[in-house]
Amino acid sequence: MFGLVDGNNFYVSCERVFQPRLEGRPVVVLSNNDGNVVSRSAEAKQLGIAMGAPYFEVRALLRRHQGHALSSNYALYGDMSRRVMARLADQVPAVEVYSIDEAFLDLHGLTTFCGTLDARAHRMRRDVLACTGIPTCVGMAPTKTLAKVANRLAKQYPELQGILRLDTESRRERALRALPVAEVWGIGRQYAQLLAAHGIRTAWELAGVSEAWARKHLGGVVGWRLVQELRGQPCQGLLPSEEGTLARQSIRCSRSFGQRLTAIEDLWGAVTTYLSRAAEKLRAQGDQAHILTVFLSQDRYDPRLPPPHTRSTTLTLPSGPTSHTLQLLAYARRLLEKLYEPGRVYVKAGVVLDGLEPPGRGQQLSLFAPAAEAAIPAAGRARQLMRTLDDLNRQFGRGTVRPAAAITTGRQPAPWQGQAHHRSQAYTTRFDDILLVF
DNA sequence: TCTGGGGTCCTAGGACCC
DNA sequence: TCTGGGGTCCTAGGACCC
């Protein structure tokens with residue numbers, strides 16, 4: 001049996017823990033650059049503010065109803081998430097941290113010694129709320145997909161008191177008949193449209209399609225697994241996370257710019273900044289990468305620009321895996337020069353690190369020692385340099401020591417830097433930001 | 001005037017290998 | 001007339017998730 005615990009309106013709930021004045025009011029949290037709405041309080045949902053809505057479209061509505069809009073504060077949400085996950089890990093045999101606000105639980109064998117599953121789930125919710133201030137809902141079912149269904153319905157129907165268990169045929173059928181197919185985990189906009197065209201409207205109807213049909217129309221084996229999971233046939237196991245963190249298979253850092261950019265040196269400043277951050281995450285995870293991607297995006301809302309709006313280029317590092325910022329930067333410069341076209345107007349850039357593995361496994365040496373390596377000090381000194389860099393930035397704040405290309409002269413912000421006008425404090429992760437109570 | 005960021009998995013064609 | 005089969009890796013792109 002799987003459990004799925006999900007924080008209600010997670011980002012908004014995190015903000016409310018430290019700003020009780022936000023209770024009972026419409027509150028939204030905005031994406032980077034204060035661009036889109038990414039989390040909404042129940043009151044904001046009631047105003048009809050959609051998930052992902054551009055902020056400029058809802059600003060006036062929010063103001064009319066004495067609402068609040070906050071810039072996203074990932075330092076706070078990440079730390080609150082860690083606390084929630086730690087409470088969960090204390091109460092079940094295994095936890096899979098699925099996202100910042102969601103975890104799958106292994107509920108196997110929990111009924112025998114500890115009362116009913118429902119009682120356990122209620123206790124878990126109370127504990128998380130008491131220890132972290134975050135309200136949650138719990139879904140329970142024999143497959144992950146059904147646990148998501150149960151969680152979804154538990155959120156939707158207050159009379160369920162935040163909990164739903166789908167472990168009998170009749171409960172499964174009732175739940176699936178009540179759920180629009182577009183709300184099934186794994187059915188996005190495209191598939192929802194296609195299913196509607198075939199007259200499939202509820203999760204129950206989707207659970208009834210044939211294997212051949214699912215494979216043909218829903219992305220091959222992925223679609224077939226989805227259907228089987230809806231039928232109660234598990235196709236995905238629990239992937240337990242250690243210490244409440246998930247080891248990633250790829251690491252990405254990308255940002256929309258504060259303004260449109262055309263000069264390659266401005267783009268290089270952005271790429272340098274993002275790659276430094278990605279490499280820092282890579283080292284924190286204890287891995288090296290051997291595949292590097294750089295991408296540049298143009299404005300996808302400009303009707304004069306035909307797709308593709310994003311162009312990327314990927315390199316398998318000829319010198320083998322590394323986590324060394326300067327070595328990665330040397331390759332990234334080449335990729336950027338390959339991608340860049342003078343005259344194009346760019347709105348966003350990003351980097352992706354793939355092929356992650358711990359150091360020391362089968363290092364590939366280059367036959368021709370590419371120029372990029374000439375700049376790299378011997379391996380031991382290189383590692384020490386990165387360790388020192390990470391220590392300094394941890395101690396004195398992110399970006400204290402960084403590659404020169406990521407620094408702009410003068411005091412004005414870098415041309416690629418975005419906006420965040422409504423950011424709350426890092427209450428739980430910075431001494432200077434600790435909440436004061438008078 | 002304004003439209004996010006970081007992940008996962010899968011597919012498909014081409015290069016290349018034996 | 002008639003041009004193999006089976007595998008891997010690379011690269012790019014598409015769909016989905018929160």
Side-chain angles (χ1 to χ4, degrees), chain A residues 4 6-7 9-11 28-40 50-60 69 71-72 74 77-78 81 96-104 144-145 148 151-152 182-194 215 217-226 235-236 239 246-260 274 277-278 281 285 290-295 297-303 307-318 335 338-339 347-356 418-421:
Chain A
L4 178 66
D6 181 320
N9 322 325
F10 185 68
Y11 296 168
V28 300
V29 172
L30 304 174
S31 64
N32 233 37
N33 234 343
D34 292 341
N36 298 66
V37 172
V38 293
S39 181
R40 307 159 293 159
M51 185 65 175
Y55 177 44
F56 71 86
E57 284 180 12
V58 302
R59 190 170 12 205
S71 303
S72 41
Y74 288 103
Y77 312 148
S81 172
E96 173 186 342
V97 176
Y98 175 67
S99 74
I100 195 165
D101 73 330
E102 267 181 67
F104 285 104
K144 282 182 163 179
T145 306
K148 293 280 285 189
N151 180 283
R152 173 74 64 136
E183 292 181 34
V184 172
W185 190 38
I187 300 300
R189 229 187 42 239
Q190 312 282 332
Y191 287 158
Q193 233 174 48
L194 184 142
R215 283 181 182 270
H217 293 105
L218 300 175
V221 66
V222 183
W224 173 230
R225 284 204 283 251
L226 195 166
C235 300
Q236 312 179 57
L239 303 164
L246 205 52
R248 298 292 178 191
Q249 296 172 47
S250 78
I251 291 173
R252 162 192 301 240
C253 184
S254 69
R255 292 283 128 76
S256 296
F257 309 136
Q259 59 195 78
R260 287 150 194 275
Y274 307 157
R277 178 69 191 126
K281 286 192 203 169
Q285 179 174 312
H290 79 269
I291 300 171
L292 171 65
T293 300
V294 174
F295 65 87
S297 301
Q298 294 190 275
D299 185 357
R300 67 182 187 282
Y301 300 102
D302 186 338
H309 299 104
T310 297
R311 281 161 222 260
S312 70
T313 178
T314 299
L315 175 71
T316 299
L317 305 187
L335 295 180
K338 188 171 150 196
L339 273 178
V347 300
K348 174 178 179 172
V351 303
V352 187
L353 298 171
D354 275 300
L356 309 193
Q419 320 283 316
H421 292 307

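Letters go in sequence order (proteins before strands), and every chain restarts at 1. A quick note: this is a predicted structure, and the numbers were derived from the prediction, not measured.
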- request: Answer with base, sugar-phosphate or nothing: what part of the nucleic acid does Q249(A) contact at a heavy-atom distance below 4.0 Å?
  value: sugar-phosphate
field: Minimum-distance nucleotide (side-chain atoms of C253(A) versus dG6(B), dT3(B), dG5(B))
entry: dG6(B)
- prompt: Between R255(A) and Y55(A), which has a closest nucleotide on DNA chain B that is more 5'?
  reply: Y55(A)
Side-chain N,O (K148(A)) to OP1/OP2 (dC18(C)) below 4.0 Å: yes
- prompt: Are K144(A) and L4(A) close enough that some pair of their side-chain heavy atoms sits under 4.5 Å apart?
  reply: no
- line: By side chain to side chain contact (heavy atoms under 4.5 Å, CB included), R59(A) pairs with (sequence neighbours left out) Y55(A), F56(A), R63(A)
message: Once rounded to the nearest 0.5 Å, what's the spacing between atom CG of D299(A) and atom NZ of K348(A)?
response: 11.5 Å
message: W224(A): which residues meet the ring pair (Phe, Tyr, Trp, His ring centres under 6.0 Å) condition with it, sequence neighbours left out?
response: none
- prompt: Atom CD of E102(A) and atom P of dC18(C): how far apart are they, to the nearest Å?
  reply: 6 Å
message: Give the dot-bracket line for DNA chain B from 5' end to 3' end: parentheses for intra-strand Watson-Crick or G-U pairs under 3.5 Å, square brackets for crossings, | for inter-strand pairing, dots for unpaired.
response: ....||||||||||||||
query: What string of B, S and - do you get for nucleotides 7-15 of chain C, 5' to 3', when a contact is any protein heavy atom under 4.0 Å?
result: ---SSS--S
field: Phosphate OP1/OP2 of dT3(B) contacted by S256(A) side-chain N/O (<4.0 Å)
entry: no
query: Atom CG of N36(A) to atom C1' of dC18(C): distance rounded to whole Å?
result: 14 Å
field: Partners meeting ring pair (Phe, Tyr, Trp, His ring centres under 6.0 Å) with H309(A) (sequence neighbours left out)
entry: none
task: Round to a whole Å and report the spacing from CZ of F295(A) to C1' of dG4(B).
output: 11 Å
- line: Ranking dC18(C), dG6(B), dG4(B) by distance to the side chain of K281(A), first place goes to dG6(B)
message: Classify V58(A) by what it touches in the nucleic acid, base, sugar-phosphate, or nothing, heavy-atom distance under 4.0 Å.
response: nothing
task: Please state whether the phosphate of dG6(B), meaning OP1 or OP2, lies under 4.0 angstrom from any side-chain nitrogen or oxygen of S254(A).
output: yes
- prompt: Should S31(A) and V38(A) count as side-chain neighbours, where that means a heavy-atom distance under 4.5 Å?
  reply: yes
task: Could you tell me which residues satisfy ring pair (Phe, Tyr, Trp, His ring centres under 6.0 Å) with Y11(A), sequence neighbours excluded, listed by chain and number?
output: Y74(A), Y77(A)
task: Mind checking L30(A) for me? I need base, sugar-phosphate or nothing, with any heavy atom below 4.0 Å counting as a touch.
output: nothing
query: Taking only residues two or more places apart in sequence, or in another chain, which ones meet Q259(A) in a side chain to side chain contact (heavy atoms under 4.5 Å, CB included)?
result: L261(A), P415(A)
task: Kindly point out which of dC2(B), dG5(B), dC18(C) is positioned nearest to the side chain of F56(A)?
output: dC2(B)
query: Within the pair N33(A) and dG4(B), is there a side-chain N or O less than 4.0 Å away from OP1 or OP2?
result: no
message: Tell me the interatomic distance from R248(A), atom CZ, to dC17(C), atom C1', rounded to whole angstroms.
response: 11 Å
- prompt: Does the side chain of V347(A) come within less than 4.5 Å of Q298(A)'s, by heavy atoms?
  reply: no
Output side-chain donor-acceptor pairs under 3.5 Å for residues 310-318 of chain A, partner residues at least two apart or in another chain, one line each.
residue: T310(A); atom: OG1; partner: S297(A); partner atom: OG; Å: 2.8
residue: T313(A); atom: OG1; partner: K338(A); partner atom: NZ; Å: 3.1
residue: T314(A); atom: OG1; partner: T293(A); partner atom: OG1; Å: 2.9

- prompt: Stacking here means centres under 5.5 Å and planes under 30°; does Y301(A) stack on dT3(B)?
  reply: yes
query: Once you round it to whole Å, what is the distance between C1' of dT3(B) and CZ of F257(A)?
result: 16 Å
query: Can you tell me how far C1' of dC16(C) sits from CG of L226(A), to the nearest Å?
result: 10 Å
- prompt: Separation of K348(A) atom NZ from dG6(B) atom P, in whole Å?
  reply: 8 Å
message: I'd like to check the side chain to side chain donor-acceptor pair (under 3.5 Å) partners of R277(A); sequence neighbours left out, ordered by chain and number.
response: E280(A)
task: Could you tell me whether R225(A) contacts a base, only the sugar-phosphate backbone, or nothing, with contacts defined as non-hydrogen atoms closer than 4.0 Å?
output: sugar-phosphate
message: Please determine whether a side-chain nitrogen or oxygen atom of R260(A) lies at a distance below 4.0 Å from atom OP1 or OP2 of dT3(B).
response: no
Inter-nucleotide P distance (dG14(B), dG4(C)), Å rounded: 16 Å
- prompt: If each of V222(A) and P54(A) is mapped to the nucleotide of DNA chain B with the nearest heavy atom, which maps nearer the 5' terminus, i.e. the 5' end?
  reply: P54(A)
- request: Could you tell me the separation between the CD1 atom of I100(A) and the C1' atom of dG5(B), rounded to a whole number of Å?
  value: 11 Å
message: Please confirm whether the shortest side-chain N or O distance from Y77(A) to OP1 or OP2 of dC18(C) is below 4.0 Å.
response: no
message: At 4.0 Å (heavy atoms only), tell me whether D299(A) reaches a base, stays on the sugar-phosphate, or touches nothing.
response: nothing
- request: Just call it for R300(A): base, sugar-phosphate, or nothing, with non-hydrogen atoms closer than 4.0 Å on any strand.
  value: sugar-phosphate
